Amino acid sequence: MVSLTPVEIEGFTFLAISVELPKTTLLVVTSERGYIMCGALDVGLLNERLKDRKILAGRAVGVKTIDELLEAPLESVTHEALNAGIIPGMLGKDALLLML
């Protein structure tokens, strides 16, 4: 099943996406500029093979719900996210606010 849900953070609306797959669930919260995602996100791939796209993204591991993703510290971020002031250890919800 796929679910799309609006999520509000400090008066701004983001889109939460959950994709239920066998034995795992993909979790993403996105703005128009970037996104945070569960451990399935390959930050290395984005930084190396897709670097010309300048993708603004962060990854949190060990999360099982959208709420956990928002409250979790980011384990890794893309180079473009670093350029936007988003750093590893920052909470997902705080990173999203920098992606507006």
Side-chain angles (χ1 to χ4, degrees):
M1 179 189 341
V2 176
S3 71
L4 305 170
T5 310
V7 172
E8 212 169 291
I9 303 169
E10 293 187 20
F12 297 99
T13 302
F14 300 88
L15 180 62
I17 305 160
S18 297
V19 181
E20 292 181 27
L21 301 170
K23 301 182 183 181
T24 194
T25 302
L26 299 179
L27 303 169
V28 181
V29 181
T30 186
S31 72
E32 290 196 20
R33 285 187 58 217
Y35 57 92
I36 61 172
M37 189 171 168
C38 65
L41 179 65
D42 188 342
V43 171
L45 173 78
L46 299 180
N47 281 336
E48 295 163 23
R49 299 192 66 202
L50 303 177
K51 66 182 171 187
D52 58 316
R53 297 184 189 184
K54 297 183 178 180
I55 296 171
L56 184 62
R59 172 184 182 213
V61 295
V63 296
K64 294 183 174 139
T65 67
I66 293 294
D67 287 336
E68 288 180 5
L69 178 58
L70 294 171
E71 296 296 331
L74 298 179
E75 177 265 344
S76 55
V77 301
T78 61
H79 296 312
E80 194 67 18
L82 286 171
N83 291 338
I86 299 164
I87 58 171
M90 178 178 283
L91 296 183
K93 64 183 178 183
D94 295 331
L96 286 165
L97 292 171
L98 292 175
M99 295 180 185
L100 292 172

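Values reported hereafter were calculated over all heavy atoms of this structure, with side chains retained and with hydrogens, waters and symmetry mates removed. Everything quoted here is computed from the prediction, not taken from an experiment.
- Note that OG1 of T30 and CE of M37 are 11.0 Å apart. Values are rounded to the nearest 0.5 Å.
- In this structure the side chain of L98 reaches within 4.5 angstrom of the side chain of M90, judged on heavy atoms.
- Summarising the geometry of P73 relative to G89, their closest heavy-atom pair is CB-O, 3.5 Å, with the distance given to 0.1 Å.
- Across L46 and Y35, no two heavy atoms sit closer than the pair CD1-OH, 3.7 Å.
- For the pair S31 (side chain) and M99 (backbone), a donor-acceptor distance under 3.5 Å is present.
- Linking Ile, Leu, Val, Met, Phe, Trp and Tyr whenever their side-chain heavy atoms come within less than 4.5 Å leaves I9 and L91 in two separate clusters.
- The heavy-atom pair separating C38 from L69 by the smallest distance is N-CD1, 4.1 Å.
- Residues I17 and L26 fall within the same hydrophobic cluster, defined by Ile, Leu, Val, Met, Phe, Trp and Tyr side chains chained together at heavy-atom separations under 4.5 Å.
- Hydrophobic cluster membership differs between V2 and I66, with clusters built from Ile, Leu, Val, Met, Phe, Trp and Tyr side chains linked at under 4.5 angstrom.
- Looking at every heavy atom in both residues, F12 comes nearest to L97 through CD1-CD2, 3.9 Å.
- The minimum heavy-atom distance between K54 and E80, with the atom names listed, is O-CG, 3.3 Å.
- Within the 3.5 Å criterion, the main-chain N or O of I55 finds a donor-acceptor partner in the side chain of T78.
- Grouping the Ile, Leu, Val, Met, Phe, Trp and Tyr side chains by contacts below 4.5 angstrom, directly or via other members, places L70 with I86.
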Q. Yes or no on salt bridge (Lys or Arg N to Asp or Glu O under 4.0 Å) for E75 and R59, after CA distance, side-chain angles and deciding distance?
A. CA-CA 6 Å; E75 177 265 344; R59 172 184 182 213; 3.3 Å; yes
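- Within the 4.5 Å cutoff, side-chain heavy atoms of I87 are placed close to those of L82.
- Residues L100 and I36 fall within the same hydrophobic cluster, defined by Ile, Leu, Val, Met, Phe, Trp and Tyr side chains chained together at heavy-atom separations under 4.5 Å.
- Within the 4.5 Å cutoff, no side-chain heavy atoms of P88 are placed close to those of L74.
- In this structure, L41 and V28 have side chains that are not in contact, with every pair of non-hydrogen atoms separated by 4.5 Å or more.
- How far CG of L50 is from CG of L45: 4.5 Å, rounded to the nearest 0.5 Å.
- Residue K93 holds its NZ atom at 13.5 Å from CD of E8, rounded to the nearest 0.5 Å.
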